[in-house]
Amino acid sequence: MFLASVLDQMDLALEHIGKNSVHDARFALMLTDNAIELAIHEFATNKRGELNAWAHLEEKYPHKKELQEAMGRVFAAKLRFAKIEGIVTEEQARTIALMHDFRNELYHVGLQHETILPALVKFYFVTACGILGAYPIRGFGYWHGVQLPERSKKYFTSRDKYSPAEIGDFPRACRTMAALCDHKKGDIIRTFANHLDHIISENDTYLDIIAAGVYDGQQQTRDEAIIGCQTWPLSFSTEGREFAKANGFRGRSMPEFLEWLGTNYPLRFKKDPIPGWRNQAARLRSKGNPHTALENYVAFMEHTAQIREALYESAAAAEREIDRIIDQRRGK
């Protein structure tokens, strides 16, 4: 019955993928992730039952601790055990972990990642089909009176009243769904690269606005602007004050403090990052492995999140001040 439930969720996910909307892609990604979690939890449950039935196997089994953790509620523990047992590869496990994070954001925060979501869910769906299609199956059976999910029936060929499906039906169903998804690995790589290009272009504009300043005499280089975007919020933080106290800052004024932080604090970005970001986007676009592209994309987004927010806030503040001056001169 567990396999029928997995097929039910995956078939529903495929239906939503076919609708080609961001909202449907969001739902499809959650369903796909649920199917993966169900599969790796079921594998751990079956392993636990097998060891309980054969004491001599349990005595020699080297991963009892990992199995016990997999029986709990923590997804990472289930995934770690699935990797140990070879249900997923190291590469697949990294992708599943990242996709599970996407799923949690979509579930708890709401609609996110609109730009990449339709391509992202196709990639995850096809990856999941590959993993599920290789799931070890010993046979099919179910209790009398139990009804199979309607969506799963179209993939099962058996007419035996004691077995709803033949052994090959499940992997065949996974291959069929993967083909119907119509995912091409170049699509997700191109989507990641295009999104990075868009983000970089936006932040390039923000940095120009900040460097130009609002008033005469505020102009600065882009390198100076990127440092200022980091030191200004840092100067008001507990972290910044404690660092200054511990490292011998003796100045009194805010300009002195900002200059000292720019020179002494281990800022993440010491110069204009845009050229380096463009190189990263170009390298990502040249990737041939979508799993690697996903890791690179996520790493870039996480590494640059704080400075991108600072650039946006600083540029927005400058534009608000420009608008205020314009309104003031118009007599508003």
Inset, instruction - List the steps and the verdict of ring-ring contact (aromatic ring centres under 6.0 Å, His included) for Trp260 and Tyr265. - result: CA-CA 8 Å; Trp260 185 88; Tyr265 191 85; 8.6 Å; no

Inset, instruction - Test His63 against Tyr61 for ring-ring contact (aromatic ring centres under 6.0 Å, His included), laying out the working first. - result: CA-CA 6 Å; His63 305 299; Tyr61 187 65; 5.7 Å; yes

Any Lys/Arg nitrogen of [X] or [Y] sitting under 4.0 Å from an Asp/Glu carboxylate oxygen of the other?
X      : Y      : result
Glu37  : Lys78  : no
Asp187 : Arg190 : yes
Asp208 : Arg222 : yes

Legend entry - Derivation and outcome, side-chain hydrogen bond (donor to acceptor under 3.5 Å, both in side chains), residues Thr205 and Glu202: CA-CA 5 Å; Thr205 300; Glu202 277 188 336; over 6 Å; no

Inset, instruction - Given ring-ring contact (aromatic ring centres under 6.0 Å, His included), test Phe269 with His303 step by step and report yes or no. - result: CA-CA 11 Å; Phe269 299 96; His303 182 73; 5.6 Å; yes

Inset, instruction - Begin with the C-alpha distance, continue with both residues' side-chain angles, and end with the deciding distance and a verdict on ring-ring contact (aromatic ring centres under 6.0 Å, His included) for Tyr135 and Phe170. - result: CA-CA 9 Å; Tyr135 189 88; Phe170 186 75; 7.1 Å; no

Legend entry - Under the side-chain hydrogen bond (donor to acceptor under 3.5 Å, both in side chains) test, residues paired with Glu91 that sit two or more places apart: Asn289

Inset, instruction - Taking the side chain as every heavy atom from C-beta outward, state whether Ile188 and Ile116 have any atom pair closer than 4.5 Å. - result: no

Inset, instruction - Over 60° means perpendicular and under 30° means parallel, so classify the ring planes of Tyr312 and Tyr206, tilted if in between. - result: perpendicular

Inset, instruction - Hey, can you tell me if Phe300 and Trp277 have their rings parallel, tilted or perpendicular (30° and 60° cut-offs)? - result: perpendicular

Legend entry - Residues in salt bridge (Lys or Arg N to Asp or Glu O under 4.0 Å) contact with Glu295, at least two apart in sequence or another chain: Arg94

Inset, instruction - Mind checking ring-ring contact (aromatic ring centres under 6.0 Å, His included) for Tyr215 and listing every partner two or more places apart, or none if nothing turns up? - result: none

